[in-house]
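Residue numbers begin at 1 in each chain, while the letters A, B, ... track the order of the sequences. Predicted, not measured: the structure shown is a model, and the values here were computed from it.
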Number of protein chains: 2
Amino acid sequence: MSKRNSVAADELDDVSKTIIEQLQQDGRRSYATIGRAVGLSEAAVRQRVQKLLESGVMQIVAVTNPLELGFPRQAMVGIKVEGPLEPVAEQLEAYDEVDYVVIVAGAFDLLVEVVCESDEHLLDILSHRIRTIDGVTATETFMYLSLRKQTYSWGVR
Amino acid sequence: MSKRNSVAADELDDVSKTIIEQLQQDGRRSYATIGRAVGLSEAAVRQRVQKLLESGVMQIVAVTNPLELGFPRQAMVGIKVEGPLEPVAEQLEAYDEVDYVVIVAGAFDLLVEVVCESDEHLLDILSHRIRTIDGVTATETFMYLSLRKQTYSWGVR
DNA sequence: AGTGAAACGACCGTAGA
DNA sequence: TCTACGGTCGTTTCACT
C-alpha cells in the first residue's frame, strides 16, 4: 500500500467523486447503472468501490431514524472531566444509548449524543450512567427540539 | 396508511430488526442472503426493505469519512440567538461545511457541526458565515480532538 | 486500471395461497 | 404478508490489454 493515512481530497478523481455521490443518493444502486453514468464498465466501478470501502474512505450502511423507531428523546451532553479523558470516553462509548462520543477542546472536555425513549430514560442515563463515571465533574444537557440537518456527504458535493 | 407518524419500536418484529442489523453491517448485502439468515424468501425480504425505506425508518447510503477526504478539522459550535430560531437554522443548513444543525433547549439555542479543511477555513466559516447571521448573539466553539464513537444503528441492538 | 464475455446469481413483476 | 416462478439484469471470474 502506498499510503497509510488520510487520502487528500484531490487524490480522488472526478469519477470516484461521482461514484460516491451516486452511492450517497442510493447505497444499493447497481455498479452497472453507475458505470453508465460515469462512462465506465461495471467491473471498473466495482473495483473502485471496493477500494473506497477497503480504504475506509466510505462505507455503505443502513442508517436508521431514531424518531421512527420509538426513541424520540435526543440530547447532546457536554461533560467536564478531571484527569485523563480517554478512560471516561471509553466508558461512555460502551453505552448503547450513547451514539456519539467526541473529545473536544473548549468549555467541555467531551460531547456525547444520547438517544433514548423518554425523559425518564434520559434522566436515568444522565444521572446514573454518565454522572457516576469516575472523573466526571459536571455535565450540561442540551435537549433536542428539532433536528434540522443531518448530512452524511462530507467533502464531495 | 394506518399511521402517519412514528413507528413504535415494538411494531417492528424480530425479523425486520434482524434485516436492519444485517444491512447496518453491509448495506449491499443481497436480499437472498438476508433471506437465508432470517428464513424468508428473497421477495419477502425485498418487500420489507422497501417498506422500511419508504416509511423513512431506514435509509441505505454511502457514508464518507471526512478525515480520509481531506477535511480534518471538525468542530461543534454552540450558538445563542435573539428572536426566532428557524430563520437562523435555515441559513446554517445552507452551508456545505455545516453537516449537522439542531435546535436545542439549554444554554445554547442551536448546535451545529462544522467540517472543514483547515483552521483558517474554520475561522472563515465561524467569523463570516455563522457570526454574521442576523440574530446570532454569541457562539462557542468546541474543536474536535478525537472522534471516539459514531454509530448509525439507533434503537435496534 | 481498464475491457469483454460467459456462467452464475440476484432482482423484479406478477400470480396465487 | 408470504411463496413460487420466469424473465431480465447485475455480478463474478477470468483472460487479455
Side-chain angles (χ1 to χ4, degrees), chain A residues 1-65 68-70 155-156, chain B residues 1-65 68-70 155-156:
Chain A
M1 305 245 161
S2 55
K3 289 241 174 179
R4 293 259 83 211
N5 290 318
S6 89
V7 176
D10 45 44
E11 287 188 29
L12 288 179
D13 59 18
D14 288 345
V15 173
S16 286
K17 285 184 185 173
T18 307
I19 292 172
I20 292 174
E21 279 171 31
Q22 299 259 332
L23 290 168
Q24 281 169 344
Q25 290 164 34
D26 175 7
R28 288 186 82 91
R29 191 161 295 167
S30 78
Y31 301 140
T33 304
I34 296 168
R36 272 173 240 124
V38 301
L40 231 57
S41 72
E42 178 276 331
V45 174
R46 183 156 37 87
Q47 284 167 33
R48 280 173 180 255
V49 170
Q50 231 170 291
K51 263 200 181 167
L52 291 168
L53 295 174
E54 280 167 7
S55 65
V57 171
M58 173 179 87
Q59 53 181 323
I60 298 174
V61 290
V63 176
T64 51
N65 180 345
E68 298 287 335
L69 280 167
V156 178
Chain B
M1 305 239 162
S2 55
K3 291 241 174 179
R4 294 258 83 214
N5 290 318
S6 89
V7 176
D10 45 40
E11 288 188 29
L12 287 179
D13 59 16
D14 288 346
V15 173
S16 286
K17 285 185 186 174
T18 308
I19 292 173
I20 293 174
E21 280 171 28
Q22 298 260 331
L23 290 169
Q24 281 168 345
Q25 290 164 33
D26 174 6
R28 290 186 77 92
R29 191 162 296 167
S30 79
Y31 301 141
T33 304
I34 296 167
R36 274 172 238 125
V38 300
L40 232 56
S41 72
E42 177 274 332
V45 174
R46 182 157 36 91
Q47 285 163 24
R48 279 172 180 257
V49 170
Q50 230 170 293
K51 260 200 184 167
L52 291 168
L53 295 174
E54 279 167 11
S55 64
V57 171
M58 170 180 87
Q59 52 181 321
I60 299 174
V61 290
V63 176
T64 51
N65 181 344
E68 299 285 337
L69 279 165
V156 178

*In whole angstrom, what separates B:Gln47's CD from C:dG13's P?*
11 Å

*Is there side-chain contact between B:Ile20 and B:Leu12, with at least one heavy-atom pair below 4.5 Å?*
yes

*CD of B:Gln22 versus C1' of C:dA10: gap in Å, rounded?*
16 Å

_As a quick check of understanding, evaluate salt bridge (charged side-chain N to carboxylate O under 4.0 Å, His left out) for A:Arg46 and A:Glu42, giving each step before the final call._
CA-CA 6 Å; A:Arg46 183 156 37 87; A:Glu42 178 276 331; 2.9 Å; yes

*Which sits closer to the 5' end of DNA chain D, B:Ala43 or A:Arg36, going by the nucleotide each is nearest to?*
B:Ala43

*Which part of the nucleic acid does B:Ser41 contact within heavy-atom distance under 4.0 Å: base, sugar-phosphate only, or nothing?*
base

*asked:* If you define the side chain from C-beta out and look only at heavy atoms, does anything of B:Ile34 sit under 4.5 Å from B:Val49?
replied: no

*Name the nucleic acid region contacted by A:Arg29, choosing base, sugar-phosphate or nothing; use a 4.0 angstrom heavy-atom cut-off, strictly under.*
nothing

_Degree of bending in the helix from C:dA1-D:dT17 to C:dA17-D:dT1 once both end axes are built from five pairs, to 10°_ = 40°

*Within the structure shown, what part of the strands sits under 4.0 Å from B:Arg46 by heavy-atom distance: base, sugar-phosphate, or nothing?*
base

_Side-chain (B:Arg28) to main-chain (A:Ile60) donor-acceptor, under 3.5 angstrom_ = no

*So, is A:Arg48 close to the C:dG2 phosphate, meaning a side-chain N or O under 4.0 Å from OP1 or OP2?*
yes

*Answer yes or no on whether B:Arg36 is positioned over the face of B:Tyr31, meaning its NZ or CZ is under 6.0 Å from the six-membered ring centre and within 45° of the axis.*
no

*Please list, in 5' to 3' order, the outermost nucleotides of DNA chain D lying under 4.0 Å from any heavy atom of chain B.*
D:dT1 to D:dT11

_Need to verify one output field. Residue with the more 5' nearest nucleotide on DNA chain C, A:Leu40 or B:Ala32?_
A:Leu40

*Does any N or O in the side chain of A:Thr33 come within less than 3.5 Å of the main-chain N or O of A:Arg29, such that one atom is a donor and the other an acceptor?*
no

*Are any side-chain N or O atoms of A:Ser16 and backbone N or O atoms of A:Asp13, one a donor and one an acceptor, separated by less than 3.5 Å?*
no

